[in-house]
Amino acid sequence: AVLVACARGGNAASAQASAAAAAANNPGSSSDGATVYLTNCSSCHGVEGRGLQGMFPPLAGNVDVTGDPRRVIAIMEHGLQGSIVVNGATYSGVMPGWKGQISDDQMAAVITYIRSAWRNRASGVTLEQVR
């Protein structure tokens, strides 16, 4: 329950601080996807997408993020539990599903953002792919 609260329990002050830090470190952070990310995801995965050792995997350089977009869409929609190995390290946090918590438009925007932020070089996703 604590881990789910982490992902959904941000406050306005920390979101503003995260937004300011992201804007300084990532020129694309003014996008709608960046706003969704900073509000809902950065408390666990970090402003720079580095994750939290042993708990929440990095999104930067993560093939689950940059590979087949159906994988990251499914993770965003339904969440993820159990151990996952990313770049040789094991993570065991709980990712909540966001379907019904954010709109399909927001989901497409945030997935597009994480697929292109932090030196990730994957194509964006469309609203139709999310639906």
Side-chain angles (χ1 to χ4, degrees):
V2 173
L3 300 178
V4 173
C6 170
R8 294 195 177 143
N11 63 45
S14 69
Q16 287 176 341
S18 293
N25 293 312
N26 187 347
S29 65
S30 63
S31 72
D32 291 342
T35 301
V36 174
Y37 179 82
L38 292 169
T39 302
N40 299 292
C41 313
S42 65
S43 60
C44 294
H45 293 286
V47 172
E48 295 181 8
R50 293 184 184 157
L52 180 62
Q53 186 175 7
M55 295 297 298
F56 306 109
L59 303 178
N62 182 332
V63 296
D64 286 325
V65 171
T66 60
D68 185 338
R70 292 175 293 190
R71 172 78 172 140
V72 70
I73 291 168
I75 292 171
M76 281 287 302
E77 288 182 340
H78 307 294
L80 190 62
Q81 291 186 352
S83 293
I84 182 173
V85 176
V86 176
N87 301 332
T90 302
Y91 299 86
S92 60
V94 175
M95 164 121 173
W98 289 94
K99 188 169 184 74
Q101 303 297 314
I102 62 174
S103 71
D104 289 348
D105 285 331
Q106 290 173 312
M107 193 168 302
V110 74
I111 293 170
T112 294
Y113 173 74
I114 66 173
R115 285 172 56 85
S116 64
W118 319 296
R119 297 189 178 150
N120 287 340
R121 298 291 179 250
S123 63
V125 299
T126 66
L127 178 58
E128 290 308 312
Q129 287 174 294
V130 169
R131 288 184 177 154

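Keep in mind that this is a model prediction, so the values were computed, not measured. Below, each value reflects all heavy atoms present in this structure, side chains not excepted, and no hydrogens, waters or symmetry copies.
- Take R131 and apply the salt bridge (Lys or Arg N to Asp or Glu O under 4.0 Å) test, not counting sequence neighbours, and it matches D104, E128.
- Side-chain atoms of N120 never come within 3.5 Å of backbone atoms of A122 as a donor-acceptor pair (strictly under, hydrogens ignored).
- D64 pairs by the salt bridge (Lys or Arg N to Asp or Glu O under 4.0 Å) definition with R71, not counting sequence neighbours.
- Nearest heavy atom pair, residue A60 against residue N87, reads O-ND2, 4.3 Å.
- Panel note: side chain Q129, backbone T126; a donor-acceptor pair is recorded below 3.5 Å.
- Interatomic distance, S43 OG to L38 CG, rounded to the nearest 0.5 Å: 10.5 Å.
- The shortest side-chain heavy-atom distance between P58 and V86 falls under the 4.5 Å cut-off.
- A108 pairs by the side-chain contact (heavy atoms from CB on, under 4.5 Å) definition with V125, V130, not counting sequence neighbours.
- For residues 32-54, every residue pair satisfying the ring pair (Phe, Tyr, Trp, His ring centres under 6.0 Å) rule, not counting sequence neighbours, is listed here: Y37-Y113, Y37-W118.
- Q81 pairs by the side-chain contact (heavy atoms from CB on, under 4.5 Å) definition with V94, not counting sequence neighbours.
- Between Q106 and D32 there is no side-chain heavy-atom pair separated by less than 4.5 Å.
- Interatomic distance, CG of L59 versus CD1 of I75, reported as 9.5 Å (0.5 Å rounding).
- A distance of 15.0 Å separates CZ in R119 from OG1 in T66, rounded to the nearest 0.5 Å.
- The shortest side-chain heavy-atom distance between V36 and I102 falls under the 4.5 Å cut-off.
- For residues 69-95, no pair satisfies ring pair (Phe, Tyr, Trp, His ring centres under 6.0 Å), with sequence neighbours left out.
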key: M76 vs K99, side-chain contact (heavy atoms from CB on, under 4.5 Å): CA-CA, chis, key distance, verdict   = CA-CA 7 Å; M76 281 287 302; K99 188 169 184 74; over 6 Å; no
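- Under a 3.5 Å cut-off, the side chain of R115 and the backbone N or O of G67 do form a donor-acceptor pair.
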